[in-house]
Amino acid sequence: MTTVTGAPVQRAKRASQTIPDSGADTHGPALEPLLFELARPGRSGRHVRAEKTGDVPEKFARKTPLRLPELTEPQVVRHYTHLAQLNYSVDAGMYPLGSCTMKYNPKINDRAAALFADLHPRQSYRTTQGVLALAYELEQLLLKVTGMDFVTLQPQAGAQSEFTALLMFKAYHQKRGDAATRRRIIVPDSAHGTNPASAAMCGYEVTTVKSDARGNVDLEALKSALGPDVAGFMLTNPNTIGLFEERVREVCDAVHAVGALVYGDGANMNALLGIARPGDLGFDCVHINVHKTFSTPHGAGGPGAGPLCVKAHLRPFLPKPWIVKEADGSYHYDTAREDREPERLGDSIGKIGKTLGNFGVLARAYTYMKTLGEEGLVETGRDAVLAANYLLALLRGKYDVAYDRPCMHEFVLTAARQKKQGSSALDISKALLDEGFHSPTVYFPLIVPEALMIEPTETEPKETLDAFAAAMIRIAERIEKDPAAVHEAPTKTPLRRLDEVGAARKPVLRYRPA
Ligand SMILES: *Cc1c(COP(=O)(O)O)cnc(C)c1O
């Protein structure tokens, strides 16, 4: 928590709070003391008297007390409340983190997910028919939105879904007898880093193809990279520059012509909802970042879910078990009709995650889709694109646009002009914190120098978009007058600029008592 090391960081104090000096040189600034520092021997928040019941055999009983901090209940509650107040979240304000679709997460989703919190992960399908019904119906909704034929809910993130799909590509080529020669996966140079990483994890060589002047995959470069040794091509649409791949059908045809498969990275599906279906664009499969498109934004790293939707020719290779719906409306798993029956895997790549994936996140997605309905989902996609284009129009004069075309759900600015004036994309993102906003994604995609990648999402009202644009414009104007003006930003946040290199290279992750 308070573990970022490096250069001394200015400390901000909350007026109502006295912060003991915990020795910044060992574990960083103490905005909020650790529980261990707050603890005093003999304090307790226990309301229920613990009695020895004799249930635990003596040999397992602990001989020495646990070294837990001793605190009262209000101390614990205040500690976590203070930490939450130091944080920034989508409940607190706009979170324009490009590529992450940090939309507001309706609270009804959490209520729905909580209904399933008491289930045992290995409970029989006989006593969990409602759970299977939800999962099955969610599968149908995802297939409808994507225009695909079959789906697995097992992958727990986009990256794991990519990995799953590429294992399936391998199994597909194996079945056709040329897996050994198909050693390469092609990715565009604008791809999310997980694409080449997943390919490498599956043992593939990665070939990168460049983007053309309009920000699309360069079709000629792709064609010359294609050959009989290619297993697949990974395409994000809209791509990570926030642009629709204008020649997506031609791209898919070219890949299929050499017997390779097309992986659709559907992380940017928010832009397409109700407008276009990946299944109609030529993809053999597409993953859905449920934790982007269908709420549950994943700030701080999780949890997520990345269902993988496939066309019929890839179905045999899908992870097992599959949920089956009988004519009488009951559900079971195809591999475990009786709980003890051995698994029938066939050509399946096997199990790659929990049978029903990250179910809490999936339950939220189901609730989200059901509350919006078909009309609401179409509106979501359109509003996301509208919000991004509105913001782009407001900012175009003060910032350079990487590829100046109408955007989809997000857009990428370049702070090249500001860099020449003496301030960087990082400075701008830090200055935004002083303006009360979360920073956009910076320095990604890699092909845009000084990139500022902005995704407002559909959940922000016009006033918020206007306020964000005004803040961005104020920053650009300050830089025009005095580039050094934002070098010290942020100045109003609880912590100033951190030594990020030190934090990455020499992290102090363990608390050591003095
Ligand atoms: C977010 C994202 C991913 C990876 O998804 P995770 O769930 O974070 O693993 C892959 N591709 C694109 C384009 C993304 O935006």
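Just follow the structure's listing: the first ligand is 1, and inside any ligand the first atom is 1. Side chains are part of it too, since the values below use all heavy atoms of this structure and drop only hydrogens, waters and symmetry mates. Values in this document were obtained by computation on a predicted structure and should not be read as measured data.
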key: Mutual orientation of the aromatic rings belonging to F317 and Y172 [parallel < 30°, tilted 30-60°, perpendicular > 60°]   =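 Because their plane-to-plane angle is over 60°, the rings of F317 and Y172 count as perpendicular.
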key: E379: salt bridge (Lys or Arg N to Asp or Glu O under 4.0 Å) partners, not counting sequence neighbours   =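 Salt bridge (Lys or Arg N to Asp or Glu O under 4.0 Å) list for E379, sorted by chain: empty.
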request  = Provide the full list of ring pair (Phe, Tyr, Trp, His ring centres under 6.0 Å) pairs with a residue in residues 345-382, sequence neighbours left out, each pair given once.
outcome  =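 Only F116-F359 qualify under ring pair (Phe, Tyr, Trp, His ring centres under 6.0 Å).
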ask   = If you count only heavy atoms, which residues are under 4.0 Å from ligand 1?
value =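 Under the 4.0 Å cut-off, ligand 1 touches S99, A157, G158, A159, E162, H192, T194, T236, D265, A267, N289, H291, K292.
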key: Positive for side-chain contact (heavy atoms from CB on, under 4.5 Å) with R382, one of L377, L273, I275   =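 So the option named by the test is I275.
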Contact check, side chains of L356 and Y333, non-hydrogen atoms, under 4.5 Å =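 Yes, side chains in contact.
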task = Mind checking side chain to side chain contact (heavy atoms under 4.5 Å, CB included) for C202 and listing every partner two or more places apart, or none if nothing turns up?
result =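 Result, side chain to side chain contact (heavy atoms under 4.5 Å, CB included) vs C202: F163, L166, L167, Y204.
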